[in-house]
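Here is the structure we will look at, set down as structure tokens.
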Amino acid sequence: MGSEPEVMRDKAAMRLWSRSRRSQGKTVALVPTMGFLHDGHLALIRTAHPLADLTVVSIYVNPGQFAPSEDFSTYPSDLTGDLKKLADLGIVHAVFCPSNLYDYEGGFSEMSTADRVSSAVSCIEAEDDGSGHETWIRVEKLERGLCGKSRPVFFRGVATVVAKLFNIVEPDVAIFGKKDYQQWRVICRMVRDLDYAIKIVGSEIVRESDGLAMSSRNVRLSPEERVKALSIYNSMSKAKYTALHEQTTCQEIKDIVIQMVDKAGGRIDCVEMKMTPTVPRPEPPAFHIVVLTYFLMFNFLQFCIPSSGCVQILFFSTILLLQRTDPGTSFSVLGFVQAHYGSTDSSASAPSSIILHLQQQCKLVKLLLVEALRSDYVVEQESLVAVEDIRTPVVICVAAWFGKVRLIDNMEINPCGI
Ligand SMILES: Nc1ncnc2c1ncn2[C@@H]1O[C@H](COP(=O)(O)OP(=O)(O)OP(=O)(O)O)[C@@H](O)[C@H]1O
Ligand SMILES: CC(C)(CO)[C@@H](O)C(=O)[O-]
Ligand code: BAL
């Protein structure tokens, strides 16, 4: 592209820009940010680029997601530098940088009621005279754990401002960084629950050369705190290695992180192990399919030909289902076959020794399948369920303080993929 992105400060202008492009058949990708852009943000934009015809980057430090005690007023910003970086990138078509997304005909003043006693006070609150903003989106369960514990207004603020951005920009696809793991899950859930026709894409974490996750707040670290902050990455790497190579519990894994960050001089806010929501569903290994099919065919030919046609069909469907990539279904069909052989009417023609043998074989096949298809394990899981042991892919999420700076990071541990 190479040309400068169009910069819009007004939401009506942004909506018009997007609508006119969409009416010409163009698709739009949105990359929401709070500015002070670094290579992590630029990676999100590069992820967005091939996914739509046009890429919009929003830059807005959202007061609605900060509590009055948090760092809204000192959050780093450099709009001029950001616009230069976006222009240099050459693949951004528009930048949306509103000054205030809660200004409804002048009815809002920042932090005006910050000291009001309430369980959830953010840097914006509705006024008693009826002006101001009072509508919030809450992703009720997902927002509670992890970062939600120490930042009680954070996720309702994020969900609400992202919904506002979606309503203004009307994108086809939006990109979020997996560094903010819970945020990414919250947005996915909101989009699903509220029927937004927007595809949410999670983009991988970008790190500094020593492993520290890039973050706008890193600039607030003193040189000493910067060294200490590396303990998050180092401790997660050690925890991952231990989880993959030793017999451990989740508590032991979490303790590794807690101790290393503590020893480095950081203050842990939270460490939790969560099931990853989905893992790619690779094709099952051909070798296993051939072996298992042969195994079942062998049993079938040896014992089942004289028995009922129904039994034969069940075995064939089992074999066919094995070729699918859904281990759950394969297991339940195997269970059904087992149950079938155990029942009296359909097995009437087969001697009991054969039934027993087949039942044992089915159990063995099940065990083999568990092993063979472990790497295909798919967790149909949208919630951030805490896990006790590491048998399926998990993510270890960490938040810790270094001086006045709170950093977050996470790392996937996939016991099936080593
Ligand atoms: N290192 C990174 N890798 C991948 N994505 C990132 C990274 N840093 C930020 N992002 C993503 O960029 C988007 C905008 O984030 P934001 O502007 O808050 O930057 P940030 O670096 O996360 O700032 P903060 O210091 O507040 O955490 C979010 O979707 C976030 O997950
Ligand atoms: C998603 C977001 C732009 C909403 O303000 C912010 O939380 C961020 O930058 O991660
Ligand atoms: N990247 C998340 C924004 C925040 O921590 O406020």
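Every number for a ligand or one of its atoms is a count from 1 in the order of the listing.
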Under the salt bridge (charged side-chain N to carboxylate O under 4.0 Å, His left out) test, which residues partner R15, sequence neighbours left out?
none
Taking the side chain as every heavy atom from C-beta outward, state whether [X] and [Y] have any atom pair closer than 4.5 Å.
| X | Y | answer |
| --- | --- | --- |
| Q182 | C397 | no |
| F154 | S122 | no |
| V31 | T47 | no |

Give yes or no for whether the N/O distance cutoff of 3.5 Å, strictly under, is met between R217 and ligand 3.
yes
If we only count N/O pairs under 3.5 Å, is K179 in contact with ligand 3?
no
Check: every ligand 1 N/O to protein N/O pair under 3.5 Å:
{"from": "ligand 1", "atom 1": "1 (N)", "to": "V206", "atom 2": "O", "distance (Å)": "2.9"}
{"from": "ligand 1", "atom 1": "1 (N)", "to": "M214", "atom 2": "N", "distance (Å)": "3.4"}
{"from": "ligand 1", "atom 1": "1 (N)", "to": "M214", "atom 2": "O", "distance (Å)": "2.8"}
{"from": "ligand 1", "atom 1": "3 (N)", "to": "V206", "atom 2": "N", "distance (Å)": "2.9"}
{"from": "ligand 1", "atom 1": "8 (N)", "to": "M214", "atom 2": "O", "distance (Å)": "3.2"}
{"from": "ligand 1", "atom 1": "17 (O)", "to": "M34", "atom 2": "N", "distance (Å)": "2.9"}
{"from": "ligand 1", "atom 1": "17 (O)", "to": "H41", "atom 2": "NE2", "distance (Å)": "2.9"}
{"from": "ligand 1", "atom 1": "19 (O)", "to": "H41", "atom 2": "NE2", "distance (Å)": "2.9"}
{"from": "ligand 1", "atom 1": "21 (O)", "to": "H38", "atom 2": "NE2", "distance (Å)": "2.8"}
{"from": "ligand 1", "atom 1": "21 (O)", "to": "S216", "atom 2": "N", "distance (Å)": "2.7"}
{"from": "ligand 1", "atom 1": "21 (O)", "to": "S216", "atom 2": "OG", "distance (Å)": "3.4"}
{"from": "ligand 1", "atom 1": "22 (O)", "to": "K179", "atom 2": "NZ", "distance (Å)": "2.6"}
{"from": "ligand 1", "atom 1": "23 (O)", "to": "Y75", "atom 2": "OH", "distance (Å)": "2.9"}
{"from": "ligand 1", "atom 1": "25 (O)", "to": "S215", "atom 2": "OG", "distance (Å)": "2.6"}
{"from": "ligand 1", "atom 1": "25 (O)", "to": "S216", "atom 2": "N", "distance (Å)": "3.2"}
{"from": "ligand 1", "atom 1": "25 (O)", "to": "R217", "atom 2": "N", "distance (Å)": "2.8"}
{"from": "ligand 1", "atom 1": "26 (O)", "to": "Y75", "atom 2": "OH", "distance (Å)": "2.7"}
{"from": "ligand 1", "atom 1": "26 (O)", "to": "R217", "atom 2": "NH1", "distance (Å)": "2.6"}
{"from": "ligand 1", "atom 1": "27 (O)", "to": "K179", "atom 2": "NZ", "distance (Å)": "2.9"}
{"from": "ligand 1", "atom 1": "27 (O)", "to": "S215", "atom 2": "OG", "distance (Å)": "3.4"}
{"from": "ligand 1", "atom 1": "29 (O)", "to": "G177", "atom 2": "N", "distance (Å)": "2.9"}
{"from": "ligand 1", "atom 1": "31 (O)", "to": "G177", "atom 2": "N", "distance (Å)": "3.3"}
{"from": "ligand 1", "atom 1": "31 (O)", "to": "G177", "atom 2": "O", "distance (Å)": "3.2"}
{"from": "ligand 1", "atom 1": "31 (O)", "to": "D180", "atom 2": "OD1", "distance (Å)": "2.6"}

K164 NZ/CZ over Y60 ring centroid, <6.0 Å and within 45° of normal:
no
Cation over ring, R151 on F66, under 6.0 Å and within 45°?
yes
Determine, using heavy atoms of Y75 and all atoms of ligand 3, whether some pair is separated by less than 4.0 Å.
no
Taking only heavy atoms of [X], which atoms of ligand 2 are found under 4.0 Å from at least one of them?
| X | result |
| --- | --- |
| P32 | 3 (C) |
| V161 | 4 (C), 5 (O) |
| V158 | 7 (O) |

Which of parallel (below 30°), tilted (30 to 60°) and perpendicular (above 60°) describes Y104 and H133?
parallel
Per-atom contacts of ligand 3 with Q65, taking only distances under 4.0 Å to non-hydrogen atoms
3 (C), 4 (C), 6 (O)
As an exercise, identify every atom of ligand 3 less than 4.0 angstrom from a heavy atom of M34.
3 (C), 4 (C), 6 (O)
May I ask you to identify the nearest protein heavy atom to [atom], giving residue, atom name and distance to one decimal place in Å?
| atom | value |
| --- | --- |
| atom 7 (O) of ligand 2 | Q183 OE1, 2.7 Å |
| atom 9 (O) of ligand 2 | M34 CG, 3.2 Å |
| atom 1 (N) of ligand 3 | D180 OD2, 2.9 Å |
| atom 5 (O) of ligand 2 | Q65 OE1, 2.7 Å |

I need the contact type for I187 against ligand 2. Using non-hydrogen atoms and a strict under-4.0 Å cut-off, is it side chain, backbone, both or neither?
neither
Verify whether one side chain among N62 and Q65 offers a donor that lies under 3.5 Å from an acceptor in the other.
yes
Can you tell me how far the OG atom of S222 sits from the NZ atom of K404, to the nearest 0.5 Å?
11.5 Å
One thing to verify: whether E143 and R156 come together as a salt bridge, which I'm taking to mean a side-chain N less than 4.0 angstrom from a carboxylate O.
no
Are the charged groups of R207 and D409 less than 4.0 angstrom apart, N to O?
yes
Under the side chain to side chain contact (heavy atoms under 4.5 Å, CB included) test against H49, which residue among V92, I91, I175 passes?
I91
What are the two closest non-hydrogen atoms of L101 and K11, and how far apart are they?
O-NZ, 3.9 Å
For ligand 3, is any non-hydrogen atom under 4.0 Å from R406's backbone (N, CA, C, O), its side chain (CB onward), both, or neither?
neither
